[in-house]
Amino acid sequence: MKNIVILISGGGSNMAAIVRTAEREDWERKLGVRVAAVLSNRADAGGLAFAQARGIATQVLDHKGFGSREAFDAELVRCIDAYAPALVVLAGFMRILSAGFVDHYLGRLLNIHPSLLPAFPGLHTHERALAAGCRFVGATVHQVTSELDDGPILEQAAVPVLDGDTAQALAARVLTQEHLIYPRAVRRFFK
Ligand code: GAR
């Protein structure tokens with residue numbers, strides 16, 4: 001059985017979409033793949049309860065307890081590697097990861113970003129897209145490299161900007177698309 005470890009910081013709706021798709025499509029039997037653990041850097045991440053209710057192992061590693069990014073990442077690697085993951089999935093994990101972390105998982109580390117990369121890496125993507133007058137926004141699933149929000153693109157979804165749209169409205173419509181493209185990208189990784 002190949003293990004997936006998912007990292008979250010908040011609501012975990014992308015994580016939940018992957019877990020639900022894995023259940024519905026019976027990835028364990030058909031792909032030999034399971035979501036083995038959900039890790040969060042925040043104890044109040046809403047997604048933890050969802051994972052626990054599904055019988056998935058969860059763990060919280062609070063970055064505030066560490067003196068440096070490298071020290072936190074080294075401990076995070078130790079926690080993740082306990083599950084011997086074939087794939088590590090960043091799903092709203094709001095931490096910049098050190099080069100050492102990225103190198104360790106190179107080729108088996110995915111991220112979802114709420115923009116049509118390479119446009120708008122970083123934060124506040126929908127605000128910036130609206131300010132730039134974009135007619136389309138979207139989301140991207142990509143392999144992670146040591147550059148922020150960079151790396152080979154695996155899946156994208158585009159969402160039209162409507163008259164009077166706010167960043168919040170766009171974020172909500174983009175999120176529903178994220179829930180389709182992230183499970184698809186993970187499935188394709190193993191096919
Ligand atoms: C998602 O919109 C994801 O694309 C974004 O955070 C949200 C997490 O939602 N990720 C980033 O901004 C990473 N730079 P979720 O916790 O409900 O999956």
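All values below were derived from every heavy atom in this structure, side-chain atoms included, with hydrogens, water molecules and symmetry-related copies excluded. Numbering starts at 1 and runs along the sequence shown. Just so you know, ligand 1 is whichever comes first in the structure, and atom 1 is the first atom listed for that ligand. For clarity, every value in this text was computed on a predicted model and none was experimentally measured.
Under the 3.5 Å distance criterion, with hydrogens and angles disregarded, a donor-acceptor pair is assigned to the side chains of Thr58 and Gln52. Judged by distance alone, the side chains of Asp73 and His104 never bring a donor and an acceptor atom under 3.5 Å apart.
Nearest protein heavy-atom contact of atom 5 (C) of ligand 1 is Pro114 CD, 3.9 Å. The protein non-hydrogen atom at the shortest distance from atom 6 (O) of ligand 1 is Gly92 CA, 3.9 Å. Residue, atom and distance of the protein heavy atom nearest to atom 14 (N) of ligand 1 are His113 ND1, 3.6 Å. For atom 15 (P) of ligand 1, the closest non-hydrogen atom of the protein is Ser13 N, 3.4 Å.
For ligand 1, the atoms closer than 4.0 angstrom to any heavy atom of Ile112 are 4 (O), 10 (N), 13 (C). Proximity to Glu178 (heavy-atom distance under 4.0 Å) selects the following atoms of ligand 1: 1 (C), 2 (O), 3 (C), 4 (O).
Using a 4.0 Å cut-off between charged side-chain N and carboxylate O, Arg20 and Glu23 make no salt bridge.
Side-chain contact between Leu97 and Leu76: present, with at least one pair of heavy atoms (C-beta onward) separated by less than 4.5 Å. Taking the side chain as every heavy atom from C-beta outward, Asn14 and His179 approach each other to under 4.5 Å. Between Val38 and Arg54 the shortest side-chain heavy-atom distance does not fall below 4.5 Å.
By the criterion of a heavy-atom distance under 4.0 Å, neither the backbone nor the side chain of Leu123 is placed next to ligand 1.
The distance criterion of under 3.5 Å between nitrogen or oxygen atoms is met by Gly12 with respect to ligand 1. Checking only distances, Asn14 does come within under 3.5 Å of ligand 1, N or O to N or O.
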side-chain hydrogen bond (donor to acceptor under 3.5 Å, both in side chains) between His113 and Thr125: does it pass, once the steps are laid out? CA-CA 9 Å; His113 182 73; Thr125 53; 5.2 Å; no

